[in-house]
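Atoms within a ligand are numbered from 1 in the order they appear, just like the ligands themselves.
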Amino acid sequence: MDGRFLIAGERIATARRFQGCNPAAGVAIEGEFHVSGPDHVDRACAAADAAFDAFRETSPQARADFLEAVASHIEAIGEPLVERAMQETGLPRARLEGERARTTGQLRLFAQVLRAGRWAGVVIDSPLPARQPLPRSDLRQRRIAVGPVAVFGASNFPLAFSVAGGDTATALAAGCPVVVKAHPAHPGTSLLVAGAIDMAIAACGLPRGIFSIVQGPGNDLGAALVRHPAIKAVGFTGSRNGGLALVAIAQARPEPIPVYAEMSSVNPVILLPGALAERAEALGTAFVGSLTMGSGQFCTNPGLVFGVEGADLDRFVAAASAALAEAQPQVMLTQAIHVAFERGVETLSAGAALVGRGRAPDGCNRGQAALFTTDADAVIANPELVHEVFGAASLVVRARDLDQIARVLRTLEGQLTATLHLGEGDAEPARALLPILERKAGRILANGWPTGVEVAHAMVHGGPWPATSDPRSTSVGSAAIERFLRPVCYQDLPDALLPDAIRDGNPLGLPRLVDGELTR
Ligand SMILES: NC(=O)C1=CN([C@@H]2O[C@H](COP(=O)(O)OP(=O)(O)OC[C@H]3O[C@@H](n4cnc5c(N)ncnc54)[C@H](O)[C@@H]3O)[C@@H](O)[C@H]2O)C=CC1
Ligand SMILES: O=C(O)CCC(=O)C(=O)O
């Protein structure tokens, strides 16, 4: 395959090369990828900056057509995309086909969002020339794109959170050019998708500089990208260390910029007494399904479970342990991620009792699922027990009573999700826990499992630090576009000078809040 990276429509070759690795076999995959350098970051960012003004003023319809074209070009790659992603990530076909559908569905959702027009945030306050003691000006607000966005592809979702994933889709929808730093764990997948985006740009007649991709091992490239003065915002999904490093770089710039980093979360699940009494065994089995999905490599993985100690919680643990004993070892994304998982399991082993293990690994980089239990006092004394272990490992916390669960929940860091399992008589305790969960998490679920985020208008895939670096936003769902827009107010500008979004007569047909009333 063509291993050259892409800057503003041009394929670039360099002397340094790297290879993808098949984690299932621990061997390099045929084909070489050209390593980008700081000069390429500079070229990509300059091209993005040059394309920005033209791109951000394209009509919402033109950008919607473009996003749909990207989706179609990704689909047109067909089997080679799935095959390459399988080789590079060890993820199974069904998962990758589902992820491709989620990726193209996400692009098409943003096309709808653009056509619906609420994203433009048009607000108009009519002038009040006769107002006493002072007249009021004509005030018109709309939202514009923030500027070129740096997107870091995530290792664990090689399609839906990578080159044409949620961050890229939202930035392009907002009118921001994108420079992607490809994740080195799936370089071929990244370039196939980058090619599809570039073809869609050409087909739609848009400036080629609105998309570039740089690649290579190591962190220098990503750091140079975040430092570049043309970049105005960053989207990231990955490790806590990586996210925090990028936040620090962005804050140290002469012009600090926002970093929307989605980092670590243990996603507490609370099994309330009524639910445990009614269905402890079924809960235990379903929990293991969520825990082991994708070898547990989800930031929404249920890594922490609470219940009041007693026979019902014992039944839950026994059912979960039995289900876990049948869990096949699954390939993890990279050797480094597998090593980090094993280290995390060791840390849990040192502070909690092992009560369940998946089947023994039958090849390299296979994650062996693990379940631990401990009591609530131990968790309060040793907060390391509730740090994310990326992979299929989870800790069941036995509490004396519901008050103790509440006490431990209050000590937790910010989370992407929190889940309540409810049965007869659980409404009152759930109501008491809700204010705590609202302070901790971006999404609160009842009677479900946190893995598998719906791409929808009401979704929040975010949460307080360290789940994300900015709890005011979401990285999944249509509200994600707000991260890459900023409001501008136009005071007393003549109609002929105003952008179409806020001109008299509403030429774009956008929904508007005029003097406090919603109109179109
Ligand atoms: N919570 C989550 O959603 C996820 C967590 N992880 C965690 O991250 C660990 C490593 O996995 P990766 O996916 O490789 O994540 P990572 O955070 O190490 O790398 C992600 C991307 O950020 C870049 N990067 C990382 N640190 C950087 C720095 N200091 N400066 C500039 N660029 C930097 C990398 O080059 C890569 O392109 C896993 O073992 C797991 O613990 C990984 C994926 C998702
Ligand atoms: O659970 C999901 O569908 C998304 C999870 C996610 O965002 C992640 O693992 O990075």
Side-chain angles (χ1 to χ4, degrees), residues 18 23 36 41 89 91 95 98-99 102-103 106 150-163 165-167 180-187 190 213-227 234-250 252 259 261-267 290 293-303 332-344 365 367 387-391 393 415-417 442-443 445 448-456 459-463 466-468 474-477 480:
F18 73 110
S36 319
V41 168
T89 64
L91 292 170
R95 151 69 195 270
E99 202 185 316
R102 174 170 165 171
T103 308
Q106 190 159 252
V151 170
F152 285 75
S155 59
N156 61 334
F157 276 79
L159 299 171
F161 284 77
S162 193
V163 177
D167 287 339
V180 170
K181 155 67 173 70
H183 199 290
H186 53 265
S190 297
I213 181 166
V214 291
Q215 63 184 10
N219 294 336
D220 294 351
L221 206 55
L225 183 57
V226 175
R227 273 193 203 105
V234 180
F236 170 92
T237 298
S239 68
R240 184 162 166 165
N241 284 345
L244 290 182
L246 298 185
V247 169
I249 293 169
V259 175
E262 189 222 299
M263 298 171 289
S264 76
S265 184
V266 288
N267 305 299
S290 176
M293 185 189 292
S295 205
Q297 300 168 115
F298 284 72
C299 53
T300 46
N301 192 48
M332 297 197 76
L333 294 155
T334 65
Q335 191 191 14
I337 287 177
H338 181 237
V339 168
F341 170 70
E342 298 221 304
R343 213 177 300 128
N365 297 321
H387 283 177
E388 181 187 64
V389 175
F390 191 67
Q415 304 292 333
L416 291 170
T417 71
R443 178 163 59 110
L445 304 76
W449 301 97
T451 39
V453 177
E454 188 72 38
V455 183
M459 178 48 66
V460 175
H461 190 54
T468 75
T474 171
S475 64
V476 176

Considering all heavy atoms of both residues, which atom of [X] and which atom of [Y] are nearest to each other, and what is their separation?
| X | Y | answer |
| --- | --- | --- |
| Gly235 | Asp167 | C-OD2, 3.4 Å |
| Gly462 | Thr468 | CA-CG2, 3.5 Å |
| Ser155 | Ile337 | OG-CD1, 3.6 Å |
| Ser265 | Thr417 | OG-N, 4.3 Å |
| Phe18 | Pro184 | CE1-O, 4.0 Å |

For ligand 1, which atoms sit closer than 4.0 Å to a heavy atom of [X]?
| X | result |
| --- | --- |
| Ala223 | 31 (C) |
| Leu246 | 30 (N), 31 (C), 32 (N) |
| Asn156 | 44 (C) |
| Glu262 | 3 (O) |
| Ala340 | 39 (O) |
| Ala245 | 28 (C), 29 (N) |

Once you restrict to heavy atoms under 4.0 Å, what part of [X] touches ligand 2? Side chain, backbone, both or neither.
| X | result |
| --- | --- |
| Arg102 | side chain |
| Val453 | both |
| Asn156 | side chain |

Counting only N and O atoms by type, is there a donor-acceptor contact under 3.5 Å from the side chain of [X] to the main-chain atoms of [Y]?
| X | Y | result |
| --- | --- | --- |
| Ser264 | Glu388 | no |
| Asn365 | Pro23 | yes |
| Gln415 | Val266 | yes |
| Gln215 | Ala182 | no |
| Asn301 | Phe390 | no |
| Ser295 | Gln297 | no |

Report the member of [options] with the shortest heavy-atom distance to [atom].
| atom | options | result |
| --- | --- | --- |
| atom 12 (P) of ligand 1 | His183, Lys181, Arg227 | His183 |
| atom 2 (C) of ligand 1 | His387, Met332, Gln297, Met263 | Met263 |
| atom 4 (C) of ligand 1 | Gly238, Pro184, Cys299, Pro217 | Gly238 |

Full working for side chain to side chain contact (heavy atoms under 4.5 Å, CB included) between Leu333 and Asn156: CA-CA 7 Å; Leu333 294 155; Asn156 61 334; 3.5 Å; yes

Which protein non-hydrogen atom lies closest to [atom], naming both residue and atom, and how far is it?
| atom | result |
| --- | --- |
| atom 31 (C) of ligand 1 | Asn219 O, 3.2 Å |
| atom 38 (C) of ligand 1 | Ile337 CG1, 3.7 Å |
| atom 16 (P) of ligand 1 | Ser239 OG, 3.5 Å |
| atom 21 (C) of ligand 1 | Phe236 CE1, 3.9 Å |
| atom 13 (O) of ligand 1 | Ser155 OG, 2.5 Å |
| atom 26 (N) of ligand 1 | Gly242 CA, 3.4 Å |
| atom 41 (O) of ligand 1 | Phe390 CB, 3.4 Å |

Polar atom proximity, [X] to ligand 2 (N or O, under 3.5 Å):
| X | answer |
| --- | --- |
| Thr451 | no |
| His461 | yes |
| Thr300 | yes |
| Cys299 | yes |
| Phe157 | no |

Sub-4.0 Å heavy-atom contact, Gly452 with ligand 2: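 Yes; Gly452 lies near enough to ligand 2 that a heavy-atom distance drops under 4.0 Å.
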
Intermediate values then yes/no, side chain to side chain contact (heavy atoms under 4.5 Å, CB included), Val476 and Phe161: CA-CA 9 Å; Val476 176; Phe161 284 77; 3.6 Å; yes

Check: Thr237 N/O within less than 3.5 Å of ligand 1 N/O: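 No, Thr237 has no N/O under 3.5 Å of an N/O on ligand 1.
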
Any heavy atom of [X] sitting closer than 4.0 Å to ligand 1?
| X | answer |
| --- | --- |
| Gly218 | yes |
| Phe341 | no |
| Ala154 | no |
| Arg240 | no |

Looking at [X], which atoms of ligand 2 are within less than 4.0 Å of one of its heavy atoms?
| X | result |
| --- | --- |
| Glu262 | 7 (O), 10 (O) |
| Thr237 | 10 (O) |
| Phe161 | 6 (C), 7 (O) |

Ser162-His186 side chain donor-acceptor pair, cut-off 3.5 Å: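 Yes.
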
Distance-only donor-acceptor check, side chains Thr300 and Asn267, under 3.5 Å: no

Distance flag, aromatic centroids of Phe298 and Phe157, threshold under 6.0 Å: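 Centroid separation for Phe157 and Phe298: below 6.0 Å.
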
Qualifying residue, where the test is side chain to side chain contact (heavy atoms under 4.5 Å, CB included) with Leu225 and the options are Asp220, Val41, Val234: Val41

Contact check, side chains of Val455 and Arg102, non-hydrogen atoms, under 4.5 Å: yes

Side chain to side chain donor-acceptor pair (under 3.5 Å) partner of His461, chosen from Glu454, Glu262, Arg443: Glu262

